[in-house]
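Take a look at the structure below.
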Protein chains: 2
Amino acid sequence: MTTYRTDGALAVEALGDPTRRAIFELLVDGPRSVGDLADVVPISRPAVSQHLKVLHQRGLVDVRPQGTRRLYLVDPHGVEAMRAYLDQMWDSALRAFARAVETDNEKNPRKRTT
Amino acid sequence: MTTYRTDGALAVEALGDPTRRAIFELLVDGPRSVGDLADVVPISRPAVSQHLKVLHQRGLVDVRPQGTRRLYLVDPHGVEAMRAYLDQMWDSALRAFARAVETDNEKNPRKRTT
DNA sequence: ACGAACGGTAAGTTACAACTTACCAATGAG
DNA sequence: CTCATTGGTAAGTTGTAACTTACCGTTCGT
């Protein structure tokens, strides 16, 4: 009855959107301002702002106001949460996979594996 | 200019949807048939079928037809792809983060950051 | 103090994906 | 063969989230 950290799931949800993923991957390469991002991504600046808001809420990015500009950068905590979420999944998946192979062997009689 | 395995990104995209994530997490606990999943998840059986199609296309689940039933199970390859994608991201993020802290220290020499 | 640069928020539109029902194909049991 | 099970596909509806434009607040330079 696996119980995952909701953080990781929410982070995955945030990166589910292609545009948001593009923005995030740009930030992975280094901090950028909002307008800077809007110059690269083919959407309006307010749209970028909205995406950044979501990414921030999910703990994937952080902000550093610098004068009139706001510098966005990747927040390691969000990525860490995603990794934890996936690692959990990975372990359980392998166990389930092994179990499946095992019960499959029971149907095709060869040799006991328990 | 980080180039990620597209596989991993597409897998993340698939798990972006909450319902699909729920279905996938059920499968992580063990193989299930379509109707079986539909009994648990609060959507119709065709809807489950459609979600499974997406998960299959993205390499996250596999099928084993057994008579008239179709048993779905987690495909480790998809999870592996996601992990690779995230690990890439993790490394780059840490590097970018370290860089950011460094240049920040140059500006505010008095602040300690560890 | 004023204007320019930067960016967040409000409000409205719209495309799409997540659903539904209806139908059909394939397998197994009698 | 016939009937019941199981599940994929077609077609249509709809809620919502990803956009847009318009507007406003804040910070900095001159």
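The chains referred to below are lettered A, B, ... by the order of the sequence lines, with proteins before strands, and numbering in each begins at 1. Bear in mind the structure is a predicted one, so any value in this text is a computation, not a measurement. FYI, side chains are in, hydrogens and waters are out, and symmetry mates aren't considered; it's all heavy atoms of this structure.
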Is the phosphate of C:dA18 approached by B:Arg20 (side-chain N or O, under 4.0 Å from OP1 or OP2)? yes
A:Pro46 side-chain proximity, nearest of D:dG7, C:dT9, C:dA18: C:dT9
Main-chain N/O of B:Leu10 paired to B:Arg58 side chain as donor or acceptor, under 3.5 Å: yes
B:Tyr72 side-chain N/O to D:dT6 phosphate OP1/OP2 under 4.0 Å: no
Nearest to the A:Val34 side chain among C:dA11, C:dC19, C:dG8, which nucleotide is it? C:dG8
Pairwise N/O distances under 3.5 Å, protein to nucleotides 28-30 of chain D:
none

Looking only at the side chain of A:Ile43 (C-beta and beyond, no hydrogens), which of the listed nucleotides D:dT20, C:dC19, C:dG8 gets closest? D:dT20
Think B:His51 has a side-chain N or O under 4.0 angstrom from the OP1 or OP2 of C:dA17? no
Any donor-acceptor pair under 3.5 Å linking the side chain of A:Arg20 with the backbone of A:Ala14? yes
With 3.5 Å as the limit, what N/O pairs link the protein to nucleotides 14-16 of chain D?
none

Would you tell me if any nitrogen or oxygen in the side chain of A:Ser49 comes within less than 4.0 Å of OP1 or OP2 on C:dT9? no
Taking only side-chain nitrogens and oxygens of A:Arg45, does any of them come within less than 4.0 Å of OP1 or OP2 of C:dG8? no
D:dG8 phosphate, OP1 or OP2, under 4.0 Å from B:Arg70 side-chain N/O: yes
